[in-house]
Amino acid sequence: MPQFTPPVRDTRFVLDRVIGLDRYTNLPHFQAATPDVVDAVLEEGGKFVAEVLFPINHSGDQQGCTRHPDGSVTTPDGFKEAYQQFVESGWGTLSAPAEVGGQAMPHVVSTAFQEYMISANMAFAMYPGLTHGAIAALLVKGSDEQKAKYVPKMVSGEWGGTMNLTEPQCGTDLGLIKTKAEPNADGSYSITGTKIFISSGEHDLTSNIIHLVLAKTPGAPDSTKGISLFVVPKFLVNDDGSIGARNGVTCGSIEHKMGIHANSTCVMNYDGATGWLVGEEMKGLAAMFIMMNAARLGVGLQGLGIAEIAMQNAVQYAGDRRQGRALTGPAEPAEKADTLFVHPDVRRMLMEAKAQIEGLRALCLWGALQVDMEHAAATEEERQLAGDLVGLLTPVIKGVGTDIGYKVATDCQQVYGGHGYIAEWGMEQYVRDARIAMIYEGTNGVQAMDLVGRKLALNGGRAVQAFFRVVGEEVAAAKADTKLAGFAGALEKALGHLQGATMWLAQNGFKNPNEVGAGAYPYMQLTGLVALGLMWLRMAKAASEALAQGAEDVAFLEAKLVTARFYAERFLPDASGLRRKIEAGSEAVMALEPEMFKAA
């Protein structure tokens, strides 16, 4: 059976030595994040997920959720009790504002806890995760009445939340939605339609579920410009805050899916359900994007969380399982065979996992810091830079992060050989669970198109130029340090390829938009390669400085330097190949007609 130990030491390294969380304590938003409080969140949060959530992960996957004839849904055994402990311990309130019952911790701290929760039990983590996204949308776009009525109980965890976008005939192309919102005399709307793939759509963990639903009002344009957002509670809420009558929304079925069985992915039927407009009419997509962007960062974190637990177990297995002999001769002559750890190809898979996981952890936490700084930084210039960077990197964190999650899970399954294919070892669940993250909240191809088609040109390319400047300045500074010069030189070459590919897309995309479409995915991969390279440059610098200062954790810090070298030697050279893919253009990609793909 799998094991899990929250990577508290590595998180502390990033927060303390790479990000330097103590540098931000002068900002109001960070005042609650004192060192002792952050330590308590990491230690106690890690203990909670390891002892409460992780033990019900495998059983939850095996049992799944159950829909009953009346449309109600029950979660697997132990989930309701675990959720009650989650609520009572206040884990869902970490980063919510104090005025709505939150602890007002920085997003970067709550992100660290969320990673642990995902590793321990991804399906469980999705229930409060969707609620946090709904809270974010209501806090920005909701009326004062809506905020007061719904948000405090969603923050406390007493009520849940969802986002309802997709319909049978439309996924990414939301202009095709058919759900209707007819105005009522009292200012409410009557919502009718069917939504599919609704994570956490119906369950028994909370006493109410607050659905945020996209729909079109009468006479609205039949396109994305006609979409409005509505808040539709499972149970109507009385003026005194108590729960009233059941609303006209039910779970028609639970989707039969590849993974995350313990999360209820529902078909939701709205039959004249009462809802209220959130924000302005026909401005619903902008409101929903607040929730979607938060979700996309969270989904990138899912890639990290699954990769981490898959690697932990693969490392354990490789150290226990004996197969064959080391190529250089028996490592343990007294034994009949050496452990898998002696084989270079096994080491390759584990080192690739370690390099990508630790780089992605730093990127996710740094991205979360930018979310904080966009609102809390002392100057408008700093706030703008943070907003630009997180906007640019959100599709990268989602797309590259979930690619890494699935690749690492698959490679770690490979370490197990045949045992990795058997359910009792747990690895096949991680592969199944990781796969959905590459699809939902916009497939990774959609993320790549968002990056290339929207984010690069935004504000005249201000965000990507800022990213180039950040990487370039840190590379230049590191080249003056003999201990970092080699890595800095490799990253400088990768950055050059990214800048060259960016220029090529700018020059050729206007002539033929397919050039952008064909190059988008490798461009996202190249951007992720450089972004992780920046994180590894920072981690190498931090580890080198800590060793020079006589830090006690010598083995851990030296491992950082070795892994940084591995990233420079084994990942950064891919930059030139990715650039060549981008600059190959779209001709061969688009040349064949559909019938030419079919067998004779």
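Since the model is a prediction, treat every value here as computed from it, not as a measurement. Sequence positions, counted from 1, serve as the residue numbers for this chain.
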Exercise for review: Look at the aromatic rings of F86 and F113 and report parallel, tilted or perpendicular, splitting at 30° and 60°.
Suggested key: parallel
Practice item. Could you tell me whether a side-chain N or O of D450 sits under 3.5 Å from a main-chain N or O of P395, the two making a donor and an acceptor? Key: no
Review point. Looking at side-chain heavy atoms only, is the closest gap between L327 and P344 below 4.5 Å?
Key: yes
Check your understanding: Got a second to check how far H497's NE2 is from L578's CG, nearest 0.5 Å?
Key -> 10.0 Å
Practice item. For ring pair (Phe, Tyr, Trp, His ring centres under 6.0 Å), just list the numbers for F124 and F79, CA-CA rounded to whole Å, side-chain angles, deciding distance to a tenth of an Å, and then say yes or no. Key: CA-CA 7 Å; F124 181 97; F79 269 56; 5.7 Å; yes
**Study point:** Pair S199, Y127: side-chain N/O donor-acceptor within cut-off below 3.5 Å
**Key:** no
**Study point:** D481 vs K541, salt bridge (charged side-chain N to carboxylate O under 4.0 Å, His left out): CA-CA, chis, key distance, verdict
**Key:** CA-CA 9 Å; D481 185 336; K541 180 175 183 288; over 6 Å; no
Point to revise | is_close_aromatic(F197, Y440), centroid dist under 6.0 Å | key: no
**Study point:** Distance-only donor-acceptor check, side chains T74 and D204, under 3.5 Å
**Key:** no
Review point. Are any side-chain N or O atoms of N121 and backbone N or O atoms of M117, one a donor and one an acceptor, separated by less than 3.5 Å?
Key: no
Review point. Less than 4.0 Å between a side-chain N and a carboxylate O, is that true for D411 and K407?
Key: yes
Show me the donor-acceptor pairs within less than 3.5 Å that the side chains of residues 581-596 make with the rest of the protein, sequence neighbours left out.
{"from": "E583", "atom 1": "OE2", "to": "R579", "atom 2": "NE", "distance (Å)": "2.8"}
{"from": "S586", "atom 1": "OG", "to": "E515", "atom 2": "OE1", "distance (Å)": "2.9"}

Practice item. List the atom of D338, the atom of G329, and the distance in Å for their closest heavy-atom pair. Key: OD2-O, 4.2 Å
Exercise for review: Please answer whether the main-chain N or O of G92 pairs with a side-chain N or O of H132 as donor and acceptor at a distance below 3.5 Å.
Suggested key: yes
Study note, to complete from the structure: Applying side-chain hydrogen bond (donor to acceptor under 3.5 Å, both in side chains) to E441 and not counting sequence neighbours gives none
Point to revise | N/O donor-acceptor pair under 3.5 Å between S544 side chain and A540 backbone | key: no
Study note, to complete from the structure: Those residues at least two apart in sequence (or on a different chain) that pass ring pair (Phe, Tyr, Trp, His ring centres under 6.0 Å) with H58 are none
Practice item. Check the pair L360 / L301 against side-chain contact (heavy atoms from CB on, under 4.5 Å), numbers first and verdict last. Key: CA-CA 9 Å; L360 182 58; L301 202 63; over 6 Å; no
Study note, to complete from the structure: Sorted by chain and residue number, the ring pair (Phe, Tyr, Trp, His ring centres under 6.0 Å) partners of F487 (sequence neighbours excluded) come out as none
**Study point:** Whether over 12 other heavy atoms sit under 6.0 Å from E552 CD
**Key:** no
Review point. Around atom CZ of R321, are there more than 12 heavy atoms of other residues, nucleotides or ligands at under 6.0 Å?
Key: yes
Review point. Do the side chain of Q356 and the main chain of E352 share a donor and acceptor less than 3.5 angstrom apart?
Key: yes
Practice item. Considering non-hydrogen atoms only, spot the tightest contact between G160 and T206 and give its length. Key: N-OG1, 3.5 Å
Review point. Do the side-chain N and O atoms of D61 and Y430 include a donor-acceptor pair separated by under 3.5 angstrom?
Key: no
Exercise for review: For the residue pair V400 and I404, establish whether any side-chain heavy-atom pair is separated by less than 4.5 Å.
Suggested key: yes
Practice item. Check ring pair (Phe, Tyr, Trp, His ring centres under 6.0 Å) between F556 and all other residues, then give those that pass, not counting sequence neighbours. Key: F13
**Study point:** Candidate pair E202 and R67, rule salt bridge (charged side-chain N to carboxylate O under 4.0 Å, His left out), full reasoning
**Key:** CA-CA 9 Å; E202 173 65 22; R67 180 188 178 275; over 6 Å; no
Point to revise | N/O donor-acceptor pair under 3.5 Å between T443 side chain and I439 backbone | key: no
Review point. What's the spacing between C251 SG and I198 CD1 if we round to 0.5 Å?
Key: 10.5 Å
Exercise for review: Before giving the answer on side-chain hydrogen bond (donor to acceptor under 3.5 Å, both in side chains), spell out for N164 and T162 the whole-Å C-alpha distance, their side-chain angles and the decisive distance to 0.1 Å.
Suggested key: CA-CA 7 Å; N164 285 234; T162 71; 2.8 Å; yes
Practice item. With the side chain counted from C-beta on, respond yes when L42 and L15 share a heavy-atom pair under 4.5 Å apart, and no when they do not. Key: yes
Point to revise | Over 12 non-hydrogen atoms of neighbours within 6.0 angstrom of NE2 in H256 | key: no
**Study point:** Any L94 side-chain heavy atom under 4.5 Å of V109 side chain
**Key:** no
Check your understanding: Is there a donor-acceptor pair closer than 3.5 Å between any side-chain N or O of Q63 and the backbone N or O of D77?
Key -> yes
Review point. Judged by modelled atom types alone, do N263 and S200 share a side-chain donor-acceptor pair under 3.5 Å?
Key: yes
Review point. Would you find a donor on one side and an acceptor on the other, under 3.5 Å apart, between the side chain of T111 and the backbone of H107?
Key: yes
**Study point:** Under 3.5 Å donor-acceptor, K195 side chain and L165 backbone
**Key:** yes
Review point. Between the side chains of E81 and Q85, is a donor N or O closer than 3.5 angstrom to an acceptor N or O?
Key: no
Exercise for review: Check step by step if side-chain hydrogen bond (donor to acceptor under 3.5 Å, both in side chains) holds for T339 and D320.
Suggested key: CA-CA 6 Å; T339 66; D320 293 338; over 6 Å; no
Exercise for review: Under the ring pair (Phe, Tyr, Trp, His ring centres under 6.0 Å) rule, collect the residues that match up with Y523, sequence neighbours excluded.
Suggested key: none
Check your understanding: With a 3.5 Å cut-off and no angle check, do the side chains of Q316 and Q312 form a donor-acceptor pair?
Key -> no
**Study point:** Side-chain heavy atoms of L393 within contact of W366, under 4.5 Å
**Key:** yes
Review point. So do F571 and L532 actually touch side chain to side chain, heavy atoms under 4.5 Å?
Key: no
Revision key, fill the gap. Heavy atoms of G161 and T131 approach each other most closely as N-OG1, 3.0 Å
Review point. Is E308 salt-bridged to R361, going by a charged N under 4.0 Å from an acidic O?
Key: yes
Review point. How far apart are the closest heavy atoms of A314 and L350, and which atoms are they?
Key: CB-CD2, 3.8 Å
Practice item. Could you tell me whether K455 atom NZ has more than 12 heavy atoms of other residues or ligands within 6.0 Å of it? Key: yes
Review point. Any side-chain heavy atom of P6 sitting closer than 4.5 Å to one from E43?
Key: no
Point to revise | Test of ring centre spacing under 6.0 Å for Y317 and W425 | key: yes
Review point. Is there a side-chain contact between F54 and V49 (heavy atoms, below 4.5 Å)?
Key: no
Check your understanding: Looking only at atom types and distance, does a side-chain atom of Q413 sit under 3.5 Å from a main-chain N or O of G420, one as donor and one as acceptor?
Key -> yes
Revision key, fill the gap. Residues A262 and P76: closest non-hydrogen pair is CB-CG, 3.8 Å
Practice item. Decide, yes or no, whether a salt bridge links R17 with E545 under the criterion of side-chain N to carboxylate O below 4.0 Å. Key: no
Review point. Can E474 and L537 be said to form a side-chain contact (heavy atoms from CB on, under 4.5 Å), step by step?
Key: CA-CA 8 Å; E474 295 194 32; L537 177 61; 4.2 Å; yes
Practice item. With side-chain hydrogen bond (donor to acceptor under 3.5 Å, both in side chains) as the test, would you mind laying out the steps for D433 and Y406 before giving the verdict? Key: CA-CA 9 Å; D433 286 354; Y406 185 67; over 6 Å; no
Review point. Taking NZ, NE, NH1 and NH2 as the nitrogens, is one of them in K398 or D403 under 4.0 Å from a carboxylate oxygen of the other?
Key: no
